[in-house]
Amino acid sequence: MNWIQLDSLNQLQDIKAEKGYHIIFKHSTRCSISMMAKKRVDMDLDELPEQVKPYFLDLLAHREISNQIAEVFSVHHESPQLLLIKDGECILDQSHGDISIDEVLEMVN
């Protein structure tokens with residue numbers, strides 16, 4: 001499974017409006033903790049069911065989208081951060097060492 005680049009506010013509104021599951025992974029390209037979290041997620045990404053759409057946000061390049069994510073989904077900004085969105089609502093918010101696809105799998109299966 002490949003990441004969908006999250007690089008516009010319109011995409012964020014689409015995620016909010018669509019039924020089903022979406023993952024948003026917020027990554028800081030300058031942070032070693034974020035790089036380790038991304039490697040763990042990348043290794044397990046193929047375990048996600050096909051109906052889960054995985055979005056990747058380079059938050060240094062798209063800080064305004066990161067700020068909107070916090071507002072739209074009522075979460076505190078973290079980096080790295082993984083959000084599981086179901087039917088437009090955030091049902092799981094993980095950050096730093098707590099980021100795990102295993103917990104996502106438990107919630108979508």
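FYI, the numbering just counts along the sequence from 1.
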In short, side-chain hydrogen bond (donor to acceptor under 3.5 Å, both in side chains) pairs touching residues 15-25 with sequence neighbours left out are Lys16-Glu89, Glu18-His22, Glu18-Lys53

Rounded distance (nearest 0.5 Å) linking atom [atom1] of [X] with atom [atom2] of [Y]:
X     : Y     : atom1 : atom2 : value
His96 : Ser79 : NE2   : OG    : 6.5 Å
Lys26 : Arg63 : NZ    : CZ    : 7.5 Å
Asp58 : Gln5  : CG    : CD    : 8.0 Å
Ser28 : Leu60 : OG    : CG    : 4.0 Å
Leu92 : Lys86 : CG    : NZ    : 13.0 Å
Asp44 : Asp42 : CG    : CG    : 9.5 Å

Checking Leu82, Leu12, Val75 against Ile24 for side-chain contact (heavy atoms from CB on, under 4.5 Å), the one that qualifies is Leu12

**Criterion side-chain contact (heavy atoms from CB on, under 4.5 Å) against Gln94, the qualifying member of Glu103, Glu78, Gln81** =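 One option only clears the test, and that one is Glu103.
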
Would you say the side chain of [Y] lies within less than 4.5 Å of the side chain of [X], judging by non-hydrogen atoms?
X      : Y      : value
Leu105 : Ser100 : no
Ile23  : Leu83  : no
Leu84  : Cys90  : no
Phe25  : Pro80  : yes

Exercise. Might you work through the side chain to side chain contact (heavy atoms under 4.5 Å, CB included) test for Leu6 and His62, ending with a clear yes or no?
Key: CA-CA 9 Å; Leu6 181 54; His62 301 287; over 6 Å; no

Exercise for review: Report the C-alpha distance between Lys38 and Arg40 in whole Å, list the side-chain angles of each, state the deciding distance to 0.1 Å, and finish with yes or no for side chain to side chain contact (heavy atoms under 4.5 Å, CB included).
Suggested key: CA-CA 5 Å; Lys38 184 177 182 303; Arg40 283 196 318 268; over 6 Å; no

Single-linkage hydrophobic cluster [X]~[Y], side-chain heavy atoms < 4.5 angstrom:
X      : Y      : value
Ile85  : Leu59  : yes
Phe73  : Val104 : no
Ile65  : Tyr55  : yes
Leu57  : Val72  : yes
Met107 : Val41  : yes

(message) Side chains of His77 and Ser66 only: does a donor on one sit below 3.5 Å from an acceptor on the other?
(response) yes

ILVMFWY cluster membership beyond Ile33 - transitive side-chain contacts under 4.5 angstrom =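 Direct or chained contacts put Ile33 with none.
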
*Would you check if the side chain of Gln11 reaches a backbone N or O of Asp7 as a donor-acceptor pair within less than 3.5 Å?*
yes

With a 6.0 Å cut-off (strictly less than), is the heavy-atom count around CG of Asn109, excluding the residue itself, greater than 12?
yes

